[in-house]
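Okay, structure first, notes after.
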4 protein chains.
Amino acid sequence: MQTIGKTFEEIQIGDTASFTKTITETDVYLFAGISGDLNPAHVDEETAKTTSFKTRIAHGALVAGLISTVLGTKLPGNGTIYLAQTSNFTAPVHFNDTITATVTVKEKTERKRVILDTVCTNQNGEVVIQGEATVLCPRLPKTE
Amino acid sequence: MQTIGKTFEEIQIGDTASFTKTITETDVYLFAGISGDLNPAHVDEETAKTTSFKTRIAHGALVAGLISTVLGTKLPGNGTIYLAQTSNFTAPVHFNDTITATVTVKEKTERKRVILDTVCTNQNGEVVIQGEATVLCPRLPKTE
Amino acid sequence: MQTIGKTFEEIQIGDTASFTKTITETDVYLFAGISGDLNPAHVDEETAKTTSFKTRIAHGALVAGLISTVLGTKLPGNGTIYLAQTSNFTAPVHFNDTITATVTVKEKTERKRVILDTVCTNQNGEVVIQGEATVLCPRLPKTE
Amino acid sequence: MQTIGKTFEEIQIGDTASFTKTITETDVYLFAGISGDLNPAHVDEETAKTTSFKTRIAHGALVAGLISTVLGTKLPGNGTIYLAQTSNFTAPVHFNDTITATVTVKEKTERKRVILDTVCTNQNGEVVIQGEATVLCPRLPKTE
């Protein structure tokens, strides 16, 4: 059993948290198998050379996964229910880019939803994904 | 080198494609490592038993990855550039659920974006993710 | 439920399809674990340096797997039953080689078997595996 | 550095070796990503239910990989060069079947090739793959 994250009452507008990981070829190749997405942009270097990206890139959906990592393990944390996500894929992620996913609380709604800005940046500070998450905060076991 | 998918000129409103996969414990555990999302809801059965879902569930971001599979490998297909995705996570995905991701073209914009309805359903026909993708279609190598 | 591939009646001599993937260290290391083939030629760089290949190479059986990908997902496609395969391993596959597996129908037998030429080439057009597959085409659900 | 396997001079007709592994869902799901073969027969339980096999089965190419394990790590062993393989897929392999790959030397040719019978059986003794391998035995480092 693990302790829960921040409840709706505890979480505050402006609260922020992040998680950083270098995205490797291994991540991309495993994700290709998990998702079934063996698009040549991700796994065929010869075809990828001919694209505007010039080389294989990571799946956007893989990188977006780092956002759920922050939401589910840091802020709000354990017990969070993920309701919705919007993502704009603003720049490609190359193998060995180090990506930081950051979430920042921007709204607490009347229906007890929490809305967070979600952004992923690479090691050069360039935004690669920008969007918004909607979550339900963890609830205390006995107060339901 | 691989042939490209449907161009903006070829793709039509109402075009649809899908991909189906049974989501297993293996998928969830590998995705936990790739994303870093080791939220107990996904990898801690004892804690998961105490949640409203009663057992471990798959990551929403993993399941959303099936949508990018259809976009990048079927419709529009090879050469697609993924610009944006919205996802509402409407029901949990349990281990061994068989998920079908279906995309359907609903709009071709003046700026040559294509907007598709994206829906993931389980083996009982229940919608688990509902949303919308925005993509750029593949372009013929010489027409740029 | 997914639509089936080409039936025996539909498939024609000369029909061809291919699949391309860059074979990485990740692929080789995962396949070593799956197959149990931890031959130093694949996973021990120091020993591999002393061989005629001068470095670690991919497993032939891994590369041959790309052939089954084309058969099972493209031609004949979903529903194909794989009866037999012959493979001659004609050149080594190095880490990061981009391999294209191509199958071409060469014979339709009286007993409704389909025989296909199967060849894998690298990014330089060199043949790395050459052989022949025997399959049963998918059958329509109700015609049996 | 590792010691080499049996040389052409040392190996004898009738020599035999085997390797056994339980093939799991994890093996099949990883191999799907490595090979790109996400055929519904392997990863879509709902579609697989409607086939003659009634459930998902392992990739034949994955199971055939166990043969190369025996050749490369046991007989002839380290230093073996794999020239050719024929495989007849005689029965499906289900998740959690325990497969034994056995190779038996049947011929030493004038051109110093060794030909081995290769057979994979399941836990019930049923033959799932039957075929023949052609290899070059390891050579002593200094005698070349």
Side-chain angles (χ1 to χ4, degrees), chain C residues 1-2 5 19-21 23-24 26-28 30-42 44 46-47 49-53 59-73 77-90 92 101 130-132 134 139 141 144, chain D residues 1-2 4-5 19-21 23-24 26-28 30-42 44 46-47 50-53 59-73 77-90 92 101 131-132 134 138-139 141 144:
Chain C
M1 288 280 285
Q2 305 196 21
F19 174 70
T20 301
K21 189 179 182 222
I23 303 300
T24 69
T26 302
D27 291 317
V28 175
L30 287 173
F31 187 78
I34 292 169
S35 66
D37 186 353
L38 288 111
N39 188 320
H42 308 303
D44 172 354
E46 293 306 308
T47 295
K49 277 183 192 168
T50 69
T51 67
S52 56
F53 302 126
H59 304 74
L62 183 171
V63 181
L66 301 185
I67 296 165
S68 106
T69 302
V70 188
L71 297 172
T73 68
N78 179 11
T80 298
I81 294 179
Y82 203 7
L83 295 178
Q85 179 72 48
T86 66
S87 295
N88 294 299
F89 303 106
T90 52
Q130 179 278 327
E132 193 178 281
T134 306
R139 288 194 286 183
E144 294 184 52
Chain D
M1 288 283 283
Q2 307 195 18
I4 65 164
F19 173 70
T20 300
K21 188 178 184 231
I23 303 299
T24 67
T26 302
D27 292 317
V28 175
L30 287 172
F31 187 78
I34 291 170
S35 66
D37 187 354
L38 285 111
N39 188 319
H42 308 305
D44 170 357
E46 294 301 310
T47 295
T50 69
T51 67
S52 55
F53 302 126
H59 304 76
L62 184 172
V63 180
L66 301 185
I67 297 164
S68 105
T69 303
V70 188
L71 298 171
T73 68
N78 179 11
T80 297
I81 294 179
Y82 202 7
L83 296 178
Q85 179 71 48
T86 64
S87 295
N88 295 297
F89 303 106
T90 51
E132 193 177 279
T134 307
R139 289 193 288 184
E144 297 185 50

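Side-chain atoms are counted along with the backbone in the values below, which use heavy atoms only and exclude waters and symmetry mates.
No other option in Ala32(D), Ser68(D), Gly5(D) has as many heavy-atom pairs under 4.5 Å with chain C as Ser68(D). With respect to chain C, the highest number of heavy-atom pairs below 4.5 Å among Thr86(D), Ile34(D), Leu30(D), Asn39(D) belongs to Ile34(D). No other option in Gly77(D), Gly60(D), Gly65(D), Ser87(D) has as many heavy-atom pairs under 4.5 Å with chain C as Ser87(D). Among Phe31(D), Phe53(D), Tyr82(D), the residue with the largest count of heavy-atom pairs under 4.5 Å with chain C is Tyr82(D). Options Ile23(C), Asn88(C), Thr90(C) differ in how many heavy-atom pairs under 4.5 Å they form with chain D, and the most are formed by Asn88(C).
For Leu71(D), no part lies near chain C; criterion is any non-hydrogen pair under 4.5 Å. For Thr51(D), no part lies under 4.5 angstrom from a heavy atom of chain C. Residue contact with chain D, scored on non-hydrogen atoms closer than 4.5 Å, involves the side chain of Ile81(C) exclusively. Looking at Phe19(D), only its side chain comes within 4.5 Å of chain C, counting heavy atoms on both sides.
Taking NZ of Lys21(C) as the start and OG1 of Thr69(C) as the end, the distance is 8.5 Å to the nearest 0.5 Å. Distance check: Ile67(C) CD1 to Ser35(D) OG gives 11.5 Å after rounding to the nearest 0.5 Å.
In this structure, the side chain of His59(C) engages the main chain of Asp37(C) through a donor-acceptor pair within 3.5 Å.
Nearest heavy atom pair, residue Val70(D) against residue Ala101(D), reads CG2-O, 3.5 Å.
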